[in-house]
Each structure stands twice: as C-alpha cells, then as structure tokens.
Amino acid sequence: KILLDKTTNINEITYLKILASFDKNNYYKKISYQQWNSYFWQLFFISNLQPESILEVGVGDKIVADIIKKLGYDIKTCDISPKLNPDYVADVRSLPFEKESFDMVACFEILEHIGYDHFTEVLKSLHTITRKHVILSLPQIRKYFSFKCHIPWMRKNKYLIIFDDFPRYPQPSKPAGREHFWEIGVQGFPLSKIIRDIEQSGFNILINKSIPENIYHRFFVLEKRIH
C-alpha cells in the first residue's frame, strides 16, 4: 500500500517541468498545480482512514477514484450525469442507497452546485448512508498567510510551515464560481454557519482545514455521530 506523505515537495517550477514532458493535447496538462494539490489531500484523507468501502458522489475527471482503486480500495461512484459513466446515476439530493451502505462517503466540490437550502438535507442523507465517515471539500473565499521553510539539519519534520486563513472584508456579494449558488465567505455564508449546520446534521468535525497550495478548497473530515 502506498503511504502518502503529508508534505508535498513538488514546487511550481518542478510542476511546470512535468507539464512540459506531456504531449500538448494531454488532459493532465490542463490540470493546475493547485488542483493537483487538492487531489493529493483528497487521497490523503481517504487513505488515512482506511475505509473498507467508499462512495464518491460527483465523478469529475475520475482521477481520485482511479487512484483509490489502484491503491486497493473498494470505491463506487455516483453522478447525476450518465455521460460520465458512474456506477450509479442519481442526484445528490435523492441518493438511492440504504442505511449504512458504505464506510465512507466522499463529496468533493459538489454541494455548492445546489442551493444552500438543500445543504443540511443532503448532509443528513450522507449521515444515513455512511457507517463511519464523510469527507467534504467546499469552495471558499478567504485571505491567508503562508510561510514555508526547509530546515536541512532536522532529522524529522524538515519543513517549518506557518499558515493561517481568515475572512475577507468586505465580504464578496457573489461566489467566484460561475455555476456556484454559494461559497464559504460570501455574504450570508460565513464559515461559522457551515460548521454549525454540519454539526447539527449529526457529525463530529475531525478536521476542518484549508491548504495553502489551494486556498479555494476547504476540507472537512466528518465522523458520524450516533444519536
């Protein structure tokens, strides 16, 4: 089993060199450095919990699902579009799965595509479907400070990373994504509101994390709370 390290040593210059080695029409060349980092953390959070069965809601480009399969995990995909060839075709607002069908449900950059009035409804559905965990990533508009330093004489933890994110003022009036109904940090959607609604939907928040390489994506690792 591949052990994913918490620290990415690939910087943007190395990334550009990798891209230069691809054929100009190669799909992977179109994926940004920031998006690759988001994929890394999706894979890290999934593999760190070692689920026996996974449902990924929202197929996207299938990169994460394909890698997770190669790592030996049992993963099924679900999407509203049959053209993406998911294992199940369904709307996230009406998932056709029985109670506790999967150890984990992953939902990356999906829920902002539906109105926020469906947010807690979908979370409660995910709570029903999963046996243990749900992993979400949601778009956010926030400012941040980041500093990374390599310390060569340290045997372990050779990277010193200082990072913090904070609300943007004034708050933007609309999401950055053209097809998004809402985003964290937009007027009416502070981070505190999203946290409260997640917790009220029956979850404990194990991880609530921004990543400096892609500040636009915020990750939540949730544990099902048994009432």
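Residue indices begin at 1 and follow the sequence shown. The figures here come from the full heavy-atom set of this structure, side chains too, leaving out hydrogens, waters and symmetry mates.
With rounding to the nearest 0.5 Å, the separation of CZ in F220 from SG in C107 is 12.5 Å. Note that CD1 of I63 and CD of Q42 are 9.5 Å apart. Values are rounded to the nearest 0.5 Å. Distance CD1/I141 to CD1/I184: 10.5 Å, rounded to 0.5 Å. Here the CG atom belonging to L123 is positioned 6.5 Å from the CG atom belonging to L111, to the nearest 0.5 angstrom. Distance check, rounded to the nearest 0.5 Å: NE2 of H133 to CD1 of I46 gives 12.5 Å. Here the CG-CE distance, from L222 to M104, works out to 10.5 Å after rounding to the nearest 0.5 Å.
Residue pairs meeting the salt bridge (Lys or Arg N to Asp or Glu O under 4.0 Å) criterion with at least one member in residues 73-92, sequence neighbours excluded, are D91-R93. Here salt bridge (Lys or Arg N to Asp or Glu O under 4.0 Å) pairs that include residues 103-124, with residues two or more places apart or in two chains, are D103-R131. Sorted by first and then second residue, the salt bridge (Lys or Arg N to Asp or Glu O under 4.0 Å) pairs with a member in residues 174-187 form an empty list; sequence neighbours excluded.
Contacts of R142 classified as salt bridge (Lys or Arg N to Asp or Glu O under 4.0 Å), with partners at least two apart in sequence or in another chain: D165. By the side-chain contact (heavy atoms from CB on, under 4.5 Å) test, P190 pairs with S192, K193, sequence neighbours left out.
Looking only at distances, a side-chain donor or acceptor of K62 sits under 3.5 Å from a matching main-chain atom of L84. Checked by atom type and distance alone, the side chain of T130 never pairs as donor or acceptor with a backbone atom of L126 at under 3.5 Å. At distances below 3.5 Å, not a single donor-acceptor pair connects side-chain atoms of R218 with backbone N or O atoms of L191.
Using a cut-off of 4.0 Å between Lys/Arg side-chain N and Asp/Glu carboxylate O, K224 and E100 are scored as salt-bridged.
A centroid separation of less than 6.0 Å is found between the aromatic rings of F45 and W41.
In this structure, I129 is a member of the same hydrophobic cluster as V57, with clusters built from ILVMFWY side-chain heavy atoms closer than 4.5 Å. One hydrophobic cluster, built from ILVMFWY side chains closer than 4.5 Å, holds both W36 and L71. In terms of hydrophobic clustering, with Ile, Leu, Val, Met, Phe, Trp and Tyr side chains grouped at heavy-atom distances under 4.5 Å, I215 and I194 are assigned to different clusters. Two different hydrophobic clusters hold V122 and V59 under the rule that ILVMFWY side chains link at heavy-atom gaps under 4.5 Å. V105 and Y88 fall within the same hydrophobic cluster, where Ile, Leu, Val, Met, Phe, Trp and Tyr residues are linked whenever their side-chain heavy atoms come under 4.5 Å apart, directly or through other members.
Defined by atom type and a distance below 3.5 Å, a donor-acceptor pair is present between the side-chain atoms of H217 and S38. No hydrogens or angles considered: nothing links the side chains of N214 and Y39 as a donor-acceptor pair under 3.5 Å. Side-chain atoms of T120 and Q200 form no donor-acceptor pair, as typed in the model, at a separation below 3.5 Å.
Of all heavy-atom pairs between P86 and S81, the closest is CD-O, 3.5 Å. When all heavy atoms are compared, the tightest approach of F108 to I135 is CE2-CG2, 3.5 Å. Heavy atoms only, all atoms of each residue included: G177 and Y216 are closest at N-OH, 3.5 Å. Scanning all heavy atoms of the two residues, the minimum distance from E56 to A65 falls at OE1-CB, 3.4 Å.
For the pair E213 and F40, the minimum side-chain heavy-atom distance is 4.5 Å or more. Under the 4.5 Å side-chain criterion, counting only non-hydrogen atoms from C-beta, F219 is not in contact with L136. P172 places none of its side-chain heavy atoms less than 4.5 Å from the side chain of Q187. In this structure, the side chains of S201 and I198 stay at 4.5 Å or more apart for every pair of heavy atoms. Contact check for L138 versus F119: side-chain heavy atoms found under the 4.5 Å cut-off.
For F166, the CZ atom is densely surrounded, since the number of other residues' heavy atoms within 6.0 Å is greater than 12. The environment of K132 atom NZ is sparse: at most 12 non-hydrogen atoms of other residues, nucleotides or ligands sit within 6.0 angstrom.
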Steps toward side-chain contact (heavy atoms from CB on, under 4.5 Å) verdict (E223, V134): CA-CA 7 Å; E223 179 183 56; V134 169; over 6 Å; no
Show your working on side-chain contact (heavy atoms from CB on, under 4.5 Å) between C78 and L95 and close with a plain yes or no. CA-CA 9 Å; C78 178; L95 296 172; 3.9 Å; yes
Would Y116 and F181 count as a ring-ring contact (aromatic ring centres under 6.0 Å, His included) if you check the C-alpha gap in whole Å, the side-chain angles of each, and the deciding distance to 0.1 Å? CA-CA 7 Å; Y116 194 83; F181 285 89; over 10 Å; no
side-chain contact (heavy atoms from CB on, under 4.5 Å) between V92 and I80, intermediate numbers included: CA-CA 7 Å; V92 68; I80 195 171; over 6 Å; no
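Taking Ile, Leu, Val, Met, Phe, Trp and Tyr as hydrophobic and joining them when side-chain heavy atoms fall under 4.5 Å apart, one finds I162 in a cluster with F145, F147.
Classified by interplanar angle (parallel below 30°, tilted 30° to 60°, perpendicular above 60°), the ring pair H127/F203 is perpendicular. Between F163 and Y144, the two ring planes are tilted [angle within 30° to 60°].
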